[in-house]
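Below is one structure, written out as structure tokens; comments come after it.
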Protein chains: 2
Amino acid sequence: MTTFEQQIKNVFGVSNTEMTVIQSFFKPKVLQKGDYFIKSGQTSGNLGFLQKGMLREFVVVGDKEITKWISTEGSFVVDLKSFVFKEPARWNMQALTYVELLVLQTSDYHKLTDAIPHWPEIEKMFIAKCFTIIEERVLQHLSLTADERYNQLFAYNKHLFNQVPLQYFASMLGMTPETLSRIRRKSSS
Amino acid sequence: MTTFEQQIKNVFGVSNTEMTVIQSFFKPKVLQKGDYFIKSGQTSGNLGFLQKGMLREFVVVGDKEITKWISTEGSFVVDLKSFVFKEPARWNMQALTYVELLVLQTSDYHKLTDAIPHWPEIEKMFIAKCFTIIEERVLQHLSLTADERYNQLFAYNKHLFNQVPLQYFASMLGMTPETLSRIRRKSSS
DNA sequence: CGACCCACTTGACAAATATCAATAAATCAG
DNA sequence: CTGATTTATTGATATTTGTCAAGTGGGTCG
């Protein structure tokens, strides 16, 4: 079973038959480092599954870029505002490396709903899961120090810290690169 | 049209016929100040519509309470983790005042799905909307100063600041009551 | 009325974080 | 490989925020 199949089954909890149908609607797509999967402000009806590589999700606020998240192999990438409501995307999603995606387009999305009647239910669960995760992240900002936020992120993503520029993690954590650097020095000693 | 009807129609975008069906599944419930609608750790299959009064959503972290949100008249209140996944609730939801709710229970929820086939789709949109809102809140923590976060919250909720203890707003904004007090003094001069 | 309980404010000080500037290390292009 | 560019670290300093302690004022209730 491919990572894609595993993830679809884990995240959406579907049968093998449904799996085959779902899979048939996702088309391969390749991005070179620096290419955009989604651009903020442009409407995108694309839901991607990240097979290989990493994407950075960010917006430009004033004169700086704010990185919301780094998506890694095996995860889904989508701008919900754009995908669900067909409004301009909130986020930029740019390839940090060479990237291979499997992409579901809105048009095929409707066929998917026809082929698998309880797809909206599946999707509801997916989005609800996303909600509880991001809600937890808000709580982290309300209850943890910069130190603690870093250590929590690092504990679950050790392998990423030598692949991704640290400044992006600093932004994700809501601190300057200098502060992150100092926290890391303290934590490693 | 009641606030409830308006909100259901706004949020879920349903017809009048469907509206009647939906409405029939929501049962009135009253809370006294201090009562809990949901308790963290207990599974609750309840989705509430807040007709009157205010609820505070918080968790206890270490030795302090972290307030995530104050819900006001006309909004829906639910612990998604509990409602969607039937797991223990993440949040406490406690009445800040005398409260009147309309409550949908999980059992009736299934009947609702039977009566309105595209209910999961409707619900998906609702949750997706919640997601985009909370995602924006994460961004605020990554990109704004304490000052700016306060001013933004205050701009949209002026009327609340003389009804709700300020310490709860301080917690929602991720700062101490002392800091909020000083920011307010600065902002008002 | 008066004692008490809250929530809020204020001040003094400590700790955390940002800013600015310089340097070192890593990465990339030719 | 080498120079150029980006990224990371470090130091000095300023700003922001937290902590602790004291004081104020409104509300409640015997």
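Naming convention: chains lettered A, B, ... in sequence-line order (proteins, then strands); numbering from 1 in each chain. As the structure is a computational prediction, the values presented were derived from the model and not from experiment.
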Please check the phosphate of [N] (OP1 and OP2 only) for any side-chain N or O of [X] closer than 4.0 Å.
X        : N      : result
A/Ser181 : D/dT9  : yes
B/Thr176 : D/dT17 : no
A/Lys186 : C/dA15 : no
A/Arg182 : D/dT9  : no

Once you round it to whole Å, what is the distance between [atom2] of [N] and [atom1] of [X]?
X        : N      : atom1 : atom2 : value
B/Asn162 : C/dA7  : CG    : P     : 16 Å
A/Leu173 : D/dA8  : CG    : P     : 13 Å
A/Gln167 : C/dT27 : CD    : P     : 13 Å
B/Phe161 : C/dA7  : CZ    : P     : 17 Å
A/Asn151 : C/dA16 : CG    : P     : 14 Å
B/Ile183 : C/dT10 : CD1   : P     : 14 Å
A/Glu148 : C/dA15 : CD    : P     : 17 Å
B/Lys64  : D/dT19 : NZ    : C1'   : 11 Å

Which part of the nucleic acid, if any, lies within reach of A/Pro177 when heavy atoms closer than 4.0 Å are counted: base, sugar-phosphate only, or nothing? nothing
A/Thr179 has its side chain closest, among D/dT10, C/dA18, C/dG11, to C/dA18
Which of C/dA7, D/dA8, D/dT17 is nearest the side chain of B/Pro165? It is C/dA7
From B/Lys186, B/Arg182, B/Arg185, residue fulfilling salt bridge (Lys or Arg N to Asp or Glu O under 4.0 Å) relative to B/Asp147: B/Lys186
Using a strict 4.0 Å threshold on nitrogen-to-oxygen distance, state whether B/Lys29 and B/Glu100 make a salt bridge. no
So, does B/Asn46 use its side chain to make a donor-acceptor pair with the main chain of B/Gln105 at under 3.5 Å? no
Assign each of B/Leu166 and A/Met175 to its nearest nucleotide of DNA chain C by heavy atoms, then name whichever residue's nucleotide is nearer the 5' end. B/Leu166
I need the full list of ring-ring contact (aromatic ring centres under 6.0 Å, His included) pairs touching residues 165-184 of chain B, with sequence neighbours left out, sorted by first then second residue. B/Phe161-B/Phe169
Considering only heavy atoms and no angle criterion, is a donor-acceptor pair shorter than 3.5 Å present between the side chain of B/Glu178 and the base of C/dC8? no
Examine the side chains of A/Thr72 and A/Ser75 and answer whether a donor and an acceptor come within less than 3.5 Å of each other. no
